[in-house]
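Accompanying notes for the structure given below.
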Amino acid sequence: MAISGPLKKIFILLNFFVSLFMFFSCSEAGAGISNVTGTVVFDYADEKSNPDVYLSVFVQTEAEAQRAELLKVYSPDKNIYWNIHNPVVFSGNSKSYAGYSILKPAEGKKIEQGEYRVLYTDASGEEAETSFTVYYRDEMLASKSEGAKDKTGLTLTENVIIYDKNMNMLFWGNMKNAWRNYSNILKEYSRAVYIRKVYSSSGSTIMVKMPPETIKNSKAADKTERGSGDSHTENNETAGIEENEPLEE
């Protein structure tokens, strides 16, 4: 049935206002944080060295993480903070996340224990704030990889990371039983060269990354000059980041 006359004008105006309402409802969705994960990472490059220790911090956002503009991770009591411009964002299982995986302390300093605040700012300037707590045994700072997971004093879950020859990540997840024989990994990941065992606590408050191991019989490994005893640097995400600046009074 065709709509004409005054009724048609009313119908057009109604559609206009409904569309306008929906536009502003979406545009004005403020920043919000559903959850935060702050992880202390003990990263062992080899079997002889003490770990590289840093924070990994990600927030689960209520709106799309692509709107993330800035994350500020700070400990006001200790006068340290990191400003993370253009944080790393990703989505999975209908959830959005923003953060950064390597927040290092200033040279000669350590990751301090205690409460940290996370201030999240979206593209419209809306802010939301939350907190997490850092705790670990001090003996971990001077530990070696052997027995490191036991020194945490926590029950840890094992996962593995598989890399190509340039240390680009190919897989992160549970170790399949067949992969206990590393050569079987190559049947699924032909470009695999290195593997790392990773141990995480409940809630991911602590993570222990063991030294990379070379997957034997890897054709890709034969083409690279790096041997199993060499140190390796992972290719991590990049973001504009300012580290350990004095807090403004």
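- Residues Tyr54 and Asp43 have side chains that bring a donor and an acceptor to within less than 3.5 angstrom of each other.
- Annotation: the span from Asp46 atom CG to Lys144 atom NZ amounts to 9.5 Å, rounded to 0.5 Å.
- Between Glu158 and Arg196, none of the side-chain N atoms (NZ, or NE/NH1/NH2) sits under 4.0 Å from a carboxylate O, so this pair counts as no salt bridge.
- You'll find the side chain of Leu55 stays beyond 4.5 Å of the side chain of Val41, heavy atoms only.
- For the residue pair Gln113 and Asp138, a side-chain donor N or O sits within less than 3.5 Å of a side-chain acceptor on the partner.
- Residues Phe132 and Val118 meet the side-chain proximity criterion, which asks for heavy atoms closer than 4.5 Å.
- The shortest distance between side-chain heavy atoms of Leu70 and Tyr120 does not fall below 4.5 Å.
- Between Lys209 and Asp52 no salt bridge is recorded (no basic side-chain N to carboxylate O distance below 4.0 Å).
- Applying the 6.0 Å contact sphere to CG of Asn181 captures more than 12 heavy atoms from other residues, nucleotides or ligands.
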Please evaluate residues Met207 and Val40 with respect to the criterion side chain to side chain contact (heavy atoms under 4.5 Å, CB included), reporting the C-alpha separation (whole Å), side-chain torsions for both, the decisive distance (0.1 Å), and the verdict.
CA-CA 6 Å; Met207 179 181 291; Val40 185; over 6 Å; no
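- The six-membered or imidazole ring of Phe58 lies away from that of Tyr97, with a centre-to-centre distance of 6.0 Å or more.
- Under a cutoff of 6.0 Å and an axis angle of 45°, Lys72 and Tyr81 form a cation-pi pair.
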Given Val57 and Thr37, is the side chain to side chain contact (heavy atoms under 4.5 Å, CB included) satisfied, shown in steps?
CA-CA 6 Å; Val57 179; Thr37 301; over 6 Å; no
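- Using the six-membered ring where Trp is involved, Trp179 and Tyr189 have ring planes that are perpendicular, over 60° apart on the 30 and 60° scheme.
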Does the side chain to side chain contact (heavy atoms under 4.5 Å, CB included) test come out yes or no for Ile215 and Leu186, once each step is laid out?
CA-CA 8 Å; Ile215 300 173; Leu186 302 175; 4.1 Å; yes
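- Here the closest heavy-atom approach between residue Leu141 and residue Pro51 is recorded as O-CD, 3.7 Å.
- Ser34 has its side chain within reach of Glu62: a pair of non-hydrogen atoms, C-beta onward, lies under 4.5 Å apart.
- Asp122 and Ser124 are linked by a side-chain donor-acceptor pair at a separation below 3.5 angstrom, with hydrogens and angles left out of the test.
- Using a 4.5 Å cut-off on side-chain heavy atoms (C-beta onward), Thr205 and Thr39 make no contact.
- Of all non-hydrogen atoms in Leu71 and Gly99, the two that sit nearest each other are CD1-CA, 3.4 Å.
- Side chain of Thr152 to main chain of Lys149: a donor-acceptor pair is present (N/O by atom type, distance under 3.5 Å, no hydrogens or angles).
- You'll find the side chain of Tyr136 reaches within 4.5 Å of the side chain of Phe42, heavy atoms only.
- Hydrophobic clustering of Ile, Leu, Val, Met, Phe, Trp and Tyr side chains at less than 4.5 Å, counting indirect connections, unites Leu103 with Val88.
- The two atoms that bring Ala98 and Ala68 nearest to each other are CB-CB, 4.0 Å, heavy atoms only.
- Remark: side-chain polar atoms of Asn184 are paired, donor with acceptor, to backbone N or O of Ala178 under 3.5 angstrom.
- A donor atom on one side chain and an acceptor atom on the other are found under 3.5 Å apart for Tyr44 and Ser143.
- Side chain of Asn93 to backbone of Lys95: no donor-acceptor contact under 3.5 angstrom is found.
- Contact check for Arg191 versus Val193: no side-chain heavy atoms found under the 4.5 Å cut-off.
- The neighbour count for Glu188 CD, taken as heavy atoms of other residues, nucleotides or ligands under 6.0 Å away, is above 12.
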Under the side chain to side chain contact (heavy atoms under 4.5 Å, CB included) rule, what do Tyr135 and Ile206 come out as? Steps first, then yes or no, please.
CA-CA 8 Å; Tyr135 172 77; Ile206 297 287; over 6 Å; no
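- Atom-to-atom distance recorded for Asn79:CG and Glu112:CD is 11.5 Å, nearest 0.5 angstrom.
- The CG atom of Leu119 sits 4.5 Å away from atom CD of Glu127, with the distance rounded to the nearest 0.5 Å.
- Interatomic distance, OG1 of Thr130 versus CD of Gln60, reported as 11.5 Å (0.5 Å rounding).
- Distance NZ/Lys197 to CG/Leu156: 13.5 Å, rounded to 0.5 Å.
- For the pair Ala148 and Val208, the tightest heavy-atom approach, listed with the atom from each and the gap, is CB-CG1, 4.2 Å.
- Across Ile162 and Ala192, no two heavy atoms sit closer than the pair CG2-CB, 3.5 Å.
- At least one side-chain heavy atom of Ile80 sits less than 4.5 Å from a side-chain heavy atom of Tyr116.
- Ser204 and Ser200 form no side-chain donor-acceptor contact under 3.5 Å, judged by distance and modelled atom types alone.
- When all heavy atoms of Tyr194 and Lys165 are compared, the pair lying nearest together is CE1-O, 3.8 Å.
- Taking OG of Ser190 as the reference point, atom CG of Asp164 lies at 10.5 Å (rounded to 0.5 Å).
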